[in-house]
Structure formats: C-alpha cells, structure tokens
Amino acid sequence: MDSGKHEGSTECPVGHKAMPQSSESCPVDHSARTTWMKPATTLPASQSANASTAETSLGKEREVSSIPRSKSFTGSSNWVYPSEEMFFNAMKRKNWNPQVQDMKTVVPIHNAVNERAWMEILKWEASAGASSCGGPKLISFSGDSSKLTPRARINMLFGYQRPFDRHDWVVDRCGKRIEYVIDFYTGKPNPGNANIPSFYLDVRPKLTPEGCWMRFQKFVGLT
C-alpha cells in the first residue's frame, strides 16, 4: 500500500498518511487522534509491564462495516474495521501512548464516524441512479489532515474552527468514479454527557465537473 492511498484492501475506510506497511494499520489520521487521545509520554517500567499484561484482554473481533467495496475487489463484500488489538498495535507503532481501557470507546467511535460519513455520501447518491447497479460502492480512500479544502480555508477566514482531519473518498457509481471530500470538525459538547466526543462532518462531492453539477442540483433543489 502506498502513503495515504488504500486500494484493493479490506481495511477500514479512513484516511491514513504515511501509515506503517501492515495490514493491521487502521487508526484515524495522526492529528485526528489528538481529538480522542493524548500524545505519547514515556511510561515508567512498572506501568509498561502492567500494560503488556493488560493488552491480552484486547478484543480480536473485527466488525464488518455497512460500506460496500467496489466489485473489483475479492473476498468480503464490505469494508472491515480493525479489532481493538489491531487498532492498539497500530497506534503503538506510531509511538503514541494508547491505553487498553480506551480501546472499547475509541474503536466504536472510529467505526461510527466512518459509518456516518458513508451515510452522508448515500444522501448525495440517492438520486444519482446507482440503485440500478446495486448502489454506490467505495473504491478507495485517503487522508491528509494538513491539506485544507477551499471551503475550510474560507470558513477559517470568517472565524470558524479548522477541521481536525480531511478525507478523500472515491465512490463507484455504476462504473463511474465519483470523488468526495470530507472535512471533520469537533462538534458542540454533548449536553447530556460532556465526556462523549461530538463530531461534525462536512461531506460533499469534489469540485470536478460531475461534483459541480451535483452541487448545483442540490442548491436549486433538483435533488
């Protein structure tokens, strides 16, 4: 796999820039992780020993996503999310300090954010005719939190916050490649529980000829 691009893999659809060369790599993009977890610090030897013992309790089951893969792939028909153990090990390889007890929270959040991104894409695709060929499917994905989209730059000029991550997803619509861009923002605090992370996803087609036409149709109420 190359840096940031994932095609022909069954791993989860989330952006990764310069990820380790392993099929077990599927945490969220580097800067996005700071929204959920603190940067690594050197652990005392006693804590390190306890952590090694605790790691055996990490779940090994992988959840199959609702996101269909392009028919060009073989094997599972949907993308597959990492297990707690895979997520934990990938973060350790990136010299972060993941905590075993956090994996039961972080992994479901990671999966839920991707499911939400796909649901937003399905809204765009609802009237595009993909139902005639079994619905849209995800071909590939990439992530680069350091690369701002034009909309994010404009929003920041008006005082809005900077997105903590940016993804680019390519969708197969009956053999036609449709490109989407996703800006991830920290959402408003949950009034019921301030400890629950909140996210806002700005999902839209890229400014390609097809994407511009889709945006225009939505703007004038044709979709």
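Quantities reported herein were computed from a predicted structural model and do not represent experimental measurements.
- Taking hydrophobic clusters as Ile, Leu, Val, Met, Phe, Trp and Tyr residues chained together by side-chain heavy-atom distances below 4.5 Å, Val181 does not share a cluster with Trp118.
- Atom NZ of Lys188 has 12 or fewer neighbouring heavy atoms from other residues, nucleotides or ligands inside a 6.0 Å radius.
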Listed pairs under 3.5 Å, donor-acceptor, residues 152-160 side chains, sequence neighbours left out:
unit_1 : atom_1 : unit_2 : atom_2 : d
Asn155 : ND2    : Arg151 : O      : 3.4

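- The list of disulfide (SG to SG under 2.5 Å) pairs with a residue in residues 192-223, not counting sequence neighbours, is empty.
- Taking the six-membered ring where tryptophan is involved, the planes of Phe164 and Phe184 are tilted, since the angle between them lies from 30° to 60°.
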side-chain contact (heavy atoms from CB on, under 4.5 Å) assessment of Leu58 paired with Val100: CA-CA 7 Å; Leu58 287 167; Val100 170; 3.8 Å; yes
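- For Gln161, the side chain to side chain contact (heavy atoms under 4.5 Å, CB included) partners at least two apart in sequence or on another chain are Tyr185, Thr186.
- Between Tyr81 and the options Glu61, Glu63, Arg62, Glu115, a side-chain hydrogen bond (donor to acceptor under 3.5 Å, both in side chains) holds for only Glu115.
- Salt-bridge annotation for Arg204 and Asp183: present, with a side-chain N of the basic residue lying under 4.0 Å from a carboxylate O of the acidic one.
- In the hydrophobic clustering of this structure, Ile121 groups with Phe199; members are Ile, Leu, Val, Met, Phe, Trp, Tyr whose side-chain heavy atoms approach within less than 4.5 Å, directly or through other members.
- The backbone N or O of Tyr180 sits nowhere less than 3.5 Å from a side-chain atom of Trp124 that would complete a donor-acceptor pair.
- Not one N or O on the side chain of Ser70 forms a donor-acceptor pair closer than 3.5 Å with the backbone of Asp172.
- Between the side chain of Lys147 and the main chain of Ser145, no donor-acceptor pair closer than 3.5 Å is present.
- In this structure, Pro205 and Arg215 have side chains that are in contact, with non-hydrogen atoms separated by less than 4.5 Å.
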Chi angles and distances behind the ring-ring contact (aromatic ring centres under 6.0 Å, His included) call for Phe87, His110: CA-CA 10 Å; Phe87 203 109; His110 162 273; 5.1 Å; yes
Salt bridge (charged side-chain N to carboxylate O under 4.0 Å, His left out) between Asp168 and Arg166, worked out: CA-CA 7 Å; Asp168 297 84; Arg166 174 247 176 94; 2.6 Å; yes
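- Cluster membership for Leu148 and Ile182, using ILVMFWY side-chain heavy atoms within less than 4.5 angstrom, is not shared.
- Put simply, the side chain of Ile178 reaches to within 4.5 Å of the side chain of Glu125, judged on heavy atoms.
- Here Arg173 pairs with Glu210 in a salt bridge; the nearest charged N to carboxylate O distance falls below 4.0 Å.
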